[in-house]
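Below: one structure, written as structure tokens.
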Amino acid sequence: MQRRTVTATAQPEVAGVIIDPTATQKPVAAIPTSTKTVEVVVIPADTATVDPAVLPTNTISADSSTATPEATSVPGVVLAEIVVDTPTPEGAAAPVESTEVPISYGNGEHWIDVDLSQQRVYAYEGDTIVNSFLVSTGTWQTPTVTGRYNIWIKLRSTTMSGPGYYLTNVPFTMYFYKGYGLHGTYWHNNFGTPMSHGCVNLATPDAEWLYNFSSVGTVVNVHY
């Protein structure tokens with residue numbers, strides 16, 4: 001595994017999207033089976049760099065009802081609860097692309113398939129499509145990333161800004177790779193045509209359904 005060190009910044013900015021940690025968040029709705037346990041690396045507050053090579057993968061274990069950290073056999077690593085709709089700390093590195101998660105599940109696992117050619121999102125339960133939505137993905141100038149990822153944060157409402165735009169109260173946002181996410185869209189209704197700066201735009205009711213269908217850790221498979 002190649003190790004490299006990146007400098008943490010006060011405010012992540014990826015693909016023209018700034019995640020505003022000061023944005024007011026709405027109360028969190030109760031979502032069944034959304035509390036997951038992951039390995040989290042403990043980094044001292046006065047440490048200026050983060051080495052992605054030491055970060056664990058997004059391995060999801062059984063649901064846990066407690067947020068009390070548990071000791072592990074790996075020095076500097078604890079098991080901690082990720083709370084849905086809670087932003088990660090400023091400067092925290094977003095999870096990298098997942099290469100170990102299968103595309104299909106025989107056990108009924110929820111996962112999301114984004115077809116860029118069809119401009120459509122499919123919600124799967126195991127190998128069964130349970131819903132699908134027409135979407136707008138990135139334009140040729142600002143394309144949506146491809147690959148397999150995991151949702152790393154869910155926000156019921158957030159602010160997005162970049163060159164030429166500033167959008168407040170973007171609803172039902174789920175980031176799956178750095179600043180790339182699926183979210184509701186109130187500023188256009190031209191779904192089926194690439195329109196975004198890289199995110200996956202859904203009609204707000206569709207985004208709400210997908211938001212409630214998904215959890216932190218849900219696989220998002222993006223392809224042409």
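Remember, it's a predicted structure, so these values are computed and weren't measured experimentally.
F176 and Y149 have tilted rings, their planes meeting at an angle from 30° to 60° on a 0 to 90° scale. Classification of the Y124-Y122 ring pair by plane angle, with boundaries at 30° and 60°, yields tilted.
Judged by distance alone, with hydrogens and angles left aside, the side-chain atoms of W111 form no donor-acceptor pair with the main-chain N or O of V220 at under 3.5 Å. Not a single donor-acceptor pair under 3.5 Å links the side chain of H110 to the backbone N or O of T218. D115 contributes a side-chain N or O that, together with a main-chain N or O of S117, makes up a donor-acceptor pair within less than 3.5 Å.
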Might you work through the side chain to side chain contact (heavy atoms under 4.5 Å, CB included) test for T146 and Y224, ending with a clear yes or no?
-> CA-CA 8 Å; T146 58; Y224 284 96; 3.7 Å; yes
Where do L202 and W209 land on the side chain to side chain contact (heavy atoms under 4.5 Å, CB included) test, with the steps shown first?
-> CA-CA 10 Å; L202 297 99; W209 188 96; over 6 Å; no
Mind running side chain to side chain contact (heavy atoms under 4.5 Å, CB included) on Y166 and T159 for me, showing each step along the way?
-> CA-CA 8 Å; Y166 183 84; T159 296; 3.7 Å; yes
Audit row: E109, V219, side chain to side chain contact (heavy atoms under 4.5 Å, CB included) steps and yes/no = CA-CA 9 Å; E109 186 79 18; V219 169; over 6 Å; no
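Checked against ring pair (Phe, Tyr, Trp, His ring centres under 6.0 Å), H188 has the following partners two or more places apart in sequence or in another chain: F191. Residues satisfying the ring pair (Phe, Tyr, Trp, His ring centres under 6.0 Å) test with W187, not counting sequence neighbours, are H183.
In plain terms, the two heavy atoms of P171 and Y186 that are nearest each other are CD-CD2, 4.1 Å. Across every non-hydrogen atom of F172 and Y211, the tightest pair is CA-CD1, 3.6 Å. Closest approach of I112 to S214, counting heavy atoms only: CD1-OG, 3.3 Å.
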Exercise answer: donor-acceptor pairs, residues 130-139 side-chain atoms, under 3.5 Å, sequence neighbours excluded:
residue, atom, partner, partner atom, Å
S132, OG, R120, NH1, 3.3
S136, OG, N190, O, 3.1
S136, OG, T193, O, 2.7
T137, OG1, Q119, OE1, 3.3
T137, OG1, Q119, NE2, 2.6
T139, OG1, Q141, N, 3.3
T139, OG1, T142, N, 3.3
T139, OG1, T142, OG1, 3.1

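Interatomic distance, T158 OG1 to M174 CE, rounded to the nearest 0.5 Å: 13.5 Å.
The side-chain contact (heavy atoms from CB on, under 4.5 Å) test with L182 singles out one residue from T173, V200, D206, V222, and that residue is V200.
Put simply, Y165 and V170 are part of the same group of oily side chains (I, L, V, M, F, W, Y) that touch within less than 4.5 Å, one to the next. Residue W152 is grouped with residue M160 when hydrophobic side chains (ILVMFWY) are merged at heavy-atom distances under 4.5 angstrom, including chains of intermediate members. Cluster membership for L167 and I153, using ILVMFWY side-chain heavy atoms within less than 4.5 angstrom, is shared.
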